[in-house]
Enquirer: 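Shown below is the structure under consideration.
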There are 2 protein chains.
Amino acid sequence: MAAKGDKGAGDPARGMDLLWGTVGRPSRGPKPSMSVDRITGTAVEIADAEGLAAVSMQRIAAAFGFTTMSLYRYVPGKAELVALMIDTAIGDRPDLGGVPGGWRDRLAEWARRCLRLYVRHPWLLAATGGNRVMGPNELGWLDAALAVLADAGFTPVEQHDAFLLVNGHVRSVAQYTTGADRLRVDEWSADLGERLRRHGDRFPALVAAIEGGGYSQTTDEPLEFGLRCLLDGLDRLLTGRASPG
Amino acid sequence: MAAKGDKGAGDPARGMDLLWGTVGRPSRGPKPSMSVDRITGTAVEIADAEGLAAVSMQRIAAAFGFTTMSLYRYVPGKAELVALMIDTAIGDRPDLGGVPGGWRDRLAEWARRCLRLYVRHPWLLAATGGNRVMGPNELGWLDAALAVLADAGFTPVEQHDAFLLVNGHVRSVAQYTTGADRLRVDEWSADLGERLRRHGDRFPALVAAIEGGGYSQTTDEPLEFGLRCLLDGLDRLLTGRASPG
DNA sequence: ACAAACAGTGTGCGGCATAAACAATTGGCT
DNA sequence: AGCCAATTGTTTATGCCGCACACTGTTTGT
């Protein structure tokens with residue numbers, strides 16, 4: 001008889017407890033052969049190596065030599081497992097205390113470390129695509145950024161909007177640089193170039209830009225360009241308020 | 001015997017021809033009951049109403065009263081169909097000729113219309129997540145933005161980086177506002193609030209920001225805030241170059 | 001000693017994309 | 001007019017996927 005407050009393995013609310021590490025281990029019963037951490041860890045390894053699509057319950061279980069269904073003794077479902085993967089890959093909040101300079105340098109450093117995360121785990125972009133519940137580590141990163149912005153003198157709403165802005169830029173650069181299916185893109189890019197040359201009059205600005213210097217090749221250049229613009233704009237907001245004359 | 005230049009229904013290179021409308025209709029054989037346009041159209045309708053996950057070959061075929069496999073006579077595979085859906089949903093390039101004001105106003109108008117696209121088709125965000133080949137309509141939107149930036153006096157590389165910046169902001173705001181699985185989020189948000197209150201010391205800036213005014217409720221506010229910052233930063237780049245004294 | 005709680009297995013369902021072989025239809029060419 | 005080749009739509013089957021359910025065996029509190 002399960003009490004109404006129970007959180008069995010199949011309880012969807014257990015996902016939050018897993019995320020926050022507040023899970024009570026049972027006393028009776030056989031000792032578990034695996035653990036949520038080890039399952040999540042191998043899932044992240046698979047995703048890092050072969051992409052998020054390669055992460056299936058069967059694939060993870062096979063890596064342990066167990067059956068697929070055994071995983072459901074540890075994790076309520078795949079959605080919860082992905083949430084765990086995300087928070088694991090994100091890791092501890094960045095320590096921006098030792099960053100020299102002002103709030104601009106600290107926020108820029110936050111962005112650079114965030115981008116490094118997306119580069120290390122290319123699947124993170126797709127996994128964090130939709131609206132979802134943030135885990136403690138993700139909240140930690142959010143808090144670190146908000147702390148910098150609050151210290152700089154922005155209001156709560158401005159902190160929120162500024163975070164959305166910086167985070168969006170990092171994700172945009174990450175998407176531009178970390179190509180998941182580069183192979184198929186290369187396969188078609190020749191065809192695309194051909195068509196662009198044929199329909200050049202339909203895309204004059206695009207053709208002109210490509211011929212006039214193309215696009216950035218390095219990862220850092222687009223990130224730093226955007227950061228400079230962003231921080232300049234945010235700075236203008238602050239200075240305009242400090243000296244309203 | 002298929003010649004080496006042939007593009008049958010199963011040929012993956014046919015995807016590009018479908019995207020660009022350069023497809024030769026056969027003369028022999030029965031008259032087709034469906035068309036690529038109608039298939040793509042209903043696929044978009046399904047995605048608009050029930051999300052991208054609801055779009056399956058069987059679902060589309062059932063909407064026509066045909067079998068699943070019949071679709072493969074028109075489309076090489078699902079990936080190509082999604083590409084067609086994207087370019088269909090994006091639609092014709094925006095006409096920014098009639099927008100009063102300078103390049104700032106035109107670029108802002110581009111961003112607003114782009115956001116409207118994501119609001120109208122919430123699945124577009126996820127569908128355009130990874131690296132992929134852009135269709136003619138998407139290239140048109142890109143060209144429209146590059147034209148504004150080129151006219152303002154930015155170099156080709158700057159045009160590219162600035163586009164990445166603006167586009168990223170729009171996508172960021174779109175992700176924040178258009179919640180796909182809002183239900184499950186709401187289901188957990190109460191639990192999250194409880195945990196935030198309990199672990200408040202771990203996220204001081206976050207708690208302070210929430211208690212001090214929360215976050216933006218409207219769609220427009222975060223978009224306009226970010227746009228102002230972005231355009232200010234871009235403007236500074238131009239004016240700094242015009243008067244280097 | 002016994003029963004409750006738990007771990008891992010086996011089986012099976014419904015859904016997904018898609019490959020292959022097939023019958024029916026149509027038009028170009030002789 | 002008639003044939004053949006090209007094309008359409010169907011049938012059938014394969015191999016994935018997440019996951020529900022019933023079952024066996026193990027551990028531990030009482």
Side-chain angles (χ1 to χ4, degrees), chain A residues 1-3 5-12 14-15 23-36 38-39 43 46-47 50-85 181 184, chain B residues 1-3 5-12 14-15 23-36 38-39 43 46-47 50-85 181 184:
Chain A
M1 312 86 172
D6 236 13
K7 289 185 184 177
D11 194 318
R14 188 190 169 101
V23 57
R25 292 155 206 79
S27 52
R28 280 186 283 215
K31 293 173 184 173
S33 309
M34 321 181 228
S35 73
V36 177
R38 299 215 303 148
I39 291 173
I46 294 173
E50 306 173 43
L52 193 59
V55 176
S56 72
M57 292 298 175
Q58 3 238 340
R59 186 88 166 64
I60 301 170
F64 281 99
F66 284 88
T67 59
T68 306
M69 291 311 294
S70 65
L71 298 182
Y72 287 90
R73 291 284 171 199
Y74 299 84
V75 169
K78 194 181 181 182
E80 289 81 0
L81 175 59
V82 173
L84 286 168
M85 289 174 61
D181 10 330
R184 297 187 63 181
Chain B
M1 306 91 176
D6 237 13
K7 290 185 183 176
D11 193 318
R14 187 191 169 101
V23 56
R25 293 155 203 79
S27 52
R28 279 184 288 220
K31 293 174 184 173
S33 309
M34 320 181 228
S35 73
V36 177
R38 298 214 304 146
I39 291 173
I46 294 172
E50 306 173 43
L52 194 58
V55 176
S56 72
M57 292 297 172
Q58 2 239 341
R59 185 88 167 64
I60 301 170
F64 282 99
F66 283 88
T67 60
T68 306
M69 292 309 295
S70 64
L71 298 182
Y72 288 90
R73 292 287 174 204
Y74 299 84
V75 168
K78 194 180 180 181
E80 289 80 1
L81 175 58
V82 173
L84 286 169
M85 289 174 62
D181 11 331
R184 298 187 62 181

Enquirer: Which atom pair, heavy atoms only, marks the closest approach of Thr68(B) to Gln58(B)?
Expert: OG1-CA, 3.6 Å
Enquirer: Nearest whole Å is fine: how far is dT8(D) P from Met34(B) CE?
Expert: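 Rounding to the nearest Å, CE of Met34(B) and P of dT8(D) are 10 Å apart.
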Enquirer: To the nearest Å, give me how far apart OH (Tyr72(B)) and C1' (dT14(D)) are.
Expert: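 Rounding to the nearest Å, OH of Tyr72(B) and C1' of dT14(D) are 13 Å apart.
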Enquirer: Name the nucleic acid region contacted by Ser70(B), choosing base, sugar-phosphate or nothing; use a 4.0 angstrom heavy-atom cut-off, strictly under.
Expert: base
Enquirer: Kindly state each residue pair satisfying salt bridge (Lys or Arg N to Asp or Glu O under 4.0 Å) with at least one member in residues 50-60 of chain A, sequence neighbours excluded.
Expert: Glu50(A)-Arg59(A)
Enquirer: Please find the pair of heavy atoms, one from Ala47(B) and one from Met85(B), that lie closest to each other, and give the distance.
Expert: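 Distance-wise, the nearest heavy atoms are CB-CE, 3.7 Å.
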Enquirer: Do you know the tightest heavy-atom contact between Ser33(A) and Arg38(A)?
Expert: O-NH2, 3.6 Å
Enquirer: Using side-chain heavy atoms (C-beta onward) and a distance below 4.5 Å, is Leu81(B) in contact with Ile60(B)?
Expert: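 Yes - at least one pair of side-chain heavy atoms lies under 4.5 Å apart.
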Enquirer: Whole angstroms only, please: what is the CG-P distance between Leu81(A) and dC17(D)?
Expert: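 After rounding, the gap between these two atoms is 14 Å.
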Enquirer: Mind calculating the distance between CZ (Arg73(A)) and C1' (dA5(C)) to the nearest angstrom?
Expert: 10 Å
Enquirer: Between C1' on dT18(C) and CD on Glu80(B), what's the gap in Å once rounded to a whole number?
Expert: 12 Å
Enquirer: Which atoms form the tightest heavy-atom contact between Phe66(A) and Met34(A), and what is the distance?
Expert: CG-CE, 3.4 Å
Enquirer: Would you please confirm or rule out a distance under 4.0 Å between OP1 or OP2 of dG8(C) and any side-chain N or O of Ser33(A)?
Expert: yes
Enquirer: Find which nucleotide of DNA chain D each of Ser56(A) and Met69(A) is nearest to by heavy atoms, and output the residue with the more 5' nucleotide.
Expert: Ser56(A)
Enquirer: Would you jot down, in residue-number order, the residues of residues 57-68 of chain A having a non-hydrogen atom under 4.0 Å from DNA chain D?
Expert: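 Heavy-atom cutoff 4.0 Å gives Met57(A), Gln58(A).
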Enquirer: Please name the pair of heavy atoms, one in Thr67(A) and one in Ala61(A), separated by the smallest distance, quoted to 0.1 Å.
Expert: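 Distance-wise, the nearest heavy atoms are O-CB, 3.3 Å.
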Enquirer: Nearest 0.5 angstrom please: Met57(A) CE to Ile39(A) CD1, how far?
Expert: 9.0 Å
Enquirer: Roughly how many Å is it from NZ in Lys78(B) to P in dC16(C), rounded to a whole number?
Expert: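 Lys78(B) atom NZ is separated from dC16(C) atom P by 8 Å.
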Enquirer: Just the rounded figure in Å: distance from C1' of dG9(D) to OH of Tyr74(B).
Expert: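 So the two atoms are 8 Å apart, to the nearest Å.
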Enquirer: Search all heavy atoms of Tyr72(B) against all heavy atoms of Pro76(B) and return the closest pair with its distance.
Expert: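 Tyr72(B) and Pro76(B) have their closest heavy atoms at CD2-O, 3.7 Å.
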Enquirer: Starting at the 5' end of nucleotides 25-30 of chain C, put B wherever the base has a protein heavy atom under 4.0 Å, S where only the sugar-phosphate does, and a dash everywhere else.
Expert: BBB---
Enquirer: What is the distance from CZ of Arg38(B) to P of dG9(D), rounded to the nearest Å?
Expert: 11 Å
